[in-house]
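Please read all numbers here as calculations on a predicted model, not as lab measurements. The analysis underlying the following values was restricted to heavy atoms, covering all of them including side chains, and did not include hydrogens, waters or symmetry mates.
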Amino acid sequence: MTSGDGDQLLSYPIPSDTALGPPAEWARLRQRCPVAKVALPSGDEAALLTRYDDVKRVLSDPRFTRLLNADDAARVSDSESGGVFNSSMAQSLPQGGEGHQRWRRMVAKWFTAKRMNALRPGIEAMAERLIDGMLAHGHPADLKAHLAFPLPVWVICDLLGVPDSDRDRFAHWSDTLLNLTRYRQDEVDAAQAQFADYMAAHVAAKRTAPGEDLLSELITATDPGGHRMSDAELVATGQALLVAGHETTANMIGKMMAMLLADRSHWERLLADRSLVRTAVEEALRFDANPGFGMPRYIGEDTEVADTALPRGTTVVCSMAAANRDETAFEGAGEFTLDRSPNPHLAFGVGAHSCLGQALARTELQAVLDVLLRRLPTLELAVSVTELRPLEGLAVGGLCDLPVRW
């Protein structure tokens with residue numbers, strides 16, 4: 001395994017010169033150094049994969065596990081717990097094998113495309129209300145603060161049967177738990193404890209008075225073998241859905257709109273042909289050069305990737321975003337192509353641990369785009385693309401804000 005440049009360890013995540021563009025190193029690493037030594041924010045070493053085939057293979061290989069709390073696993077962040085990937089919350093659910101598949105099958109019933117389509121009118125109505133608020137505020141306005149950030153919290157709270165009045169607390173917990181550098185360890189610990197206490201009380205309340213929400217259904221659901229989720233699993237499931245489903249989608253809405261408005265010919269084409277909304281969303285997911293950390297995996301046995309030996313105990317970081325720009329997998333990979341099809345991008349991962357909520361994320365992104373095209377056809381960036389600022393220190397990538405006018 002070689003480092004990015006001689007014996008000089010690359011710091012990871014690798015910064016980019018622009019908010020929407022990829023780091024220049026990606027192309028060089030894919031060509032010359034497909035398995036690169038990198039230093040994580042904790043200072044620990046990991047192996048970075050940037051090629052499409054390698055990333056897809058590792059994410060599909062059950063030997064590469066999520067056991068990131070192993071004694072010799074690299075810690076991601078410089079906090080004592082190692083960050084969200086190493087946290088007790090991440091380890092409260094079965095991380096592999098039949099236990100994970102059983103948990104996944106029980107939760108996945110809620111995330112079918114059919115069920116997500118049934119949620120879509122409610123998501124569009126939420127988007128309409130948030131846009132009404134943005135219009136009342138006047139322009140320029142921050143599309144992220146007015147629409148992209150609050151919408152997924154509303155959706156997740158609705159899914160979990162959480163009152164609207166608690167949305168702000170949920171947003172704070174999500175932000176704290178996904179930060180790699182912004183919060184002190186005691187702040188992260190406090191957020192984890194508050195969130196766990198809240199969800200435990202919420203699960204207890206749902207046992208007494210069930211509703212029409214996901215947690216109420218999971219409390220009584222059994223798998224074919226008669227297994228029911230424990231309270232600890234129910235609490236961790238609620239936490240996982242918020243952490244996985246809020247910041248990722250909120251930031252993706254902002255980045256998708258920035259990509260479409262950065263070259264306004266994309267927006268004009270969508271206005272002329274709304275049937276392109278679905279493929280435009282998929283292309284935004286593929287083209288996203290700032291998705292955040294990527295997917296870490298731990299290997300408990302000696303193995304080999306891209307003709308490179310990986311000793312047991314290696315932590316591997318899969319950069320799906322770098323893989324999605326691989327010219328060997330996508331023709332014109334550096335071009336944003338609204339009608340690209342097929343588009344087998346890896347934005348949601350692949351294999352046994354692919355994103356459980358991807359149907360929900362797609363539904364939210366498509367709904368927001370449809371509503372914005374209808375309500376604000378004159379939408380444009382209120383600043384130049386070069387003035388857009390990437391978020392720092394978050395496990396998922398995004399923009400600080402997205403100033404727009406109409």
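For the residue pair Cys400 and Pro390, the shortest heavy atom distance occurs at SG-O, 3.5 Å. Contact detail for Val385 and Leu381: the closest heavy-atom pair is CG2-CD1, 3.9 Å. Across all their heavy atoms, Gly245 and Pro152 have their closest contact at O-CB, 3.8 Å. Of all heavy-atom pairs spanning Ala74 and Leu40, the tightest one is CB-CD1, 3.8 Å. The two atoms that bring Met259 and Ala284 nearest to each other are CE-O, 3.4 Å, heavy atoms only. Contact record, Leu365 with Met256: O-CE, 3.7 Å, taken as the closest heavy-atom pair.
For Asp53, the salt bridge (Lys or Arg N to Asp or Glu O under 4.0 Å) criterion is met by no residue, not counting sequence neighbours. Contacts of Asn117 classified as side chain to side chain donor-acceptor pair (under 3.5 Å), with partners at least two apart in sequence or in another chain: none. In terms of the side-chain contact (heavy atoms from CB on, under 4.5 Å) criterion, residue partners of Glu387 (sequence neighbours excluded) are, by chain and number, Val383, Ser384. Checked against side chain to side chain donor-acceptor pair (under 3.5 Å), Glu380 has the following partners two or more places apart in sequence or in another chain: Arg405. For Ser230, the side-chain contact (heavy atoms from CB on, under 4.5 Å) partners two or more places apart in sequence, or in a different chain, are Ala232, Glu233. By the side-chain contact (heavy atoms from CB on, under 4.5 Å) test, Arg63 pairs with Arg57, Asp61, Ile299, Glu301, Thr303, sequence neighbours left out. Under the ring-ring contact (aromatic ring centres under 6.0 Å, His included) criterion, Phe336 pairs with His266, Phe287, not counting sequence neighbours. The side-chain contact (heavy atoms from CB on, under 4.5 Å) test applied to Asp72 returns Ala70, Tyr298, Arg312, not counting sequence neighbours.
Salt bridge status for Glu124 with Arg120: present, with a side-chain N to carboxylate O gap under 4.0 Å. We find that Glu25 and Arg30 are not joined by a salt bridge, their nearest charged nitrogen and carboxylate oxygen being 4.0 Å or further apart. Ion pairing between Asp326 and Arg51 fails under the 4.0 Å rule for side-chain N and carboxylate O. Salt bridge absent: Arg269 and Glu283 never bring a charged side-chain N and a carboxylate O closer than 4.0 Å. Salt-bridge formation is detected for the pair Asp401/Arg389: a Lys NZ or Arg NE/NH1/NH2 atom is positioned less than 4.0 Å from an Asp or Glu carboxylate oxygen.
Looking only at side-chain heavy atoms (C-beta outward), Trp267 and Thr378 stay at 4.5 Å or farther from each other. Put simply, the side chain of Arg274 reaches to within 4.5 Å of the side chain of Leu373, judged on heavy atoms. In this structure, the side chains of Val35 and Asp307 stay at 4.5 Å or more apart for every pair of heavy atoms. No side-chain heavy atom of Val38 sits less than 4.5 Å from a side-chain heavy atom of Leu9. Residues Pro377 and Trp406 have side chains not in contact (no heavy-atom distance under 4.5 Å, counting atoms from C-beta outward).
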- Message: Is there a side chain to side chain contact (heavy atoms under 4.5 Å, CB included) between Arg340 and Thr279? Walk through the geometry before answering.
- Response: CA-CA 6 Å; Arg340 185 182 296 275; Thr279 53; over 6 Å; no

- Message: Is there a side chain to side chain contact (heavy atoms under 4.5 Å, CB included) between Leu376 and Val371? Walk through the geometry before answering.
- Response: CA-CA 8 Å; Leu376 292 172; Val371 172; over 6 Å; no

- Task: Begin with the C-alpha distance, continue with both residues' side-chain angles, and end with the deciding distance and a verdict on side chain to side chain contact (heavy atoms under 4.5 Å, CB included) for Val58 and Leu49.
- Result: CA-CA 9 Å; Val58 165; Leu49 305 183; 3.5 Å; yes

- Item | Full working for salt bridge (charged side-chain N to carboxylate O under 4.0 Å, His left out) between Arg264 and Glu268 | CA-CA 6 Å; Arg264 216 163 170 286; Glu268 299 288 348; 2.4 Å; yes

- Query: Stepwise, does the side chain to side chain contact (heavy atoms under 4.5 Å, CB included) test hold for Val155 with Met126?
  - Reply: CA-CA 9 Å; Val155 174; Met126 285 181 196; 4.0 Å; yes

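With Lys255 contributing its side chain and Asn290 its backbone, the two residues share a donor-acceptor pair below 3.5 Å. Between the side chain of Tyr12 and the backbone N or O of Phe293, at least one donor-acceptor pair lies under 3.5 Å. Remark: the backbone N or O of Val162 is not paired with any side-chain donor or acceptor of Asp166 at under 3.5 angstrom.
Applying the ring-ring contact (aromatic ring centres under 6.0 Å, His included) test to residues at least two apart or on different chains, the pairs with a partner in residues 201-246 are Phe149-His246. Within the structure, side chain to side chain donor-acceptor pair (under 3.5 Å) pairs that include any residue of residues 132-143 comprise Asp132-Arg375 (at least two apart or interchain). For residues 113-135, there are no ring-ring contact (aromatic ring centres under 6.0 Å, His included) pairs, not counting sequence neighbours. Among residues at least two apart or in separate chains, there is no salt bridge (Lys or Arg N to Asp or Glu O under 4.0 Å) pair with a member in residues 344-357.
Annotation: cation-pi geometry satisfied between Arg286 and Phe330 (NZ/CZ under 6.0 angstrom from ring centroid, within 45° of ring axis). Taking the centre and axis of the six-membered ring of Trp110, the NZ or CZ atom of Arg115 falls inside the cone set by 45° and 6.0 Å.
In this structure, a donor-acceptor pair under 3.5 Å is present between the side chains of Arg104 and Ser354. For Asp273 and Ser275, the side-chain atoms include at least one donor-acceptor pair closer than 3.5 Å. The closest side-chain donor-acceptor pair between Gln358 and Arg362 falls under 3.5 angstrom.
Within 6.0 Å of the CG atom in Asp168, the count of heavy atoms belonging to other residues, nucleotides or ligands does not exceed 12. No more than 12 heavy atoms of other residues, nucleotides or ligands shown are found within 6.0 angstrom of CG on Asp17. Environment of CG in Asp186: crowded, with over 12 heavy atoms of neighbouring residues, nucleotides or ligands closer than 6.0 Å. Other residues, nucleotides and ligands contribute over 12 non-hydrogen atoms within 6.0 Å of the CD atom of Glu304. Applying the 6.0 Å contact sphere to NZ of Lys206 captures more than 12 heavy atoms from other residues, nucleotides or ligands.
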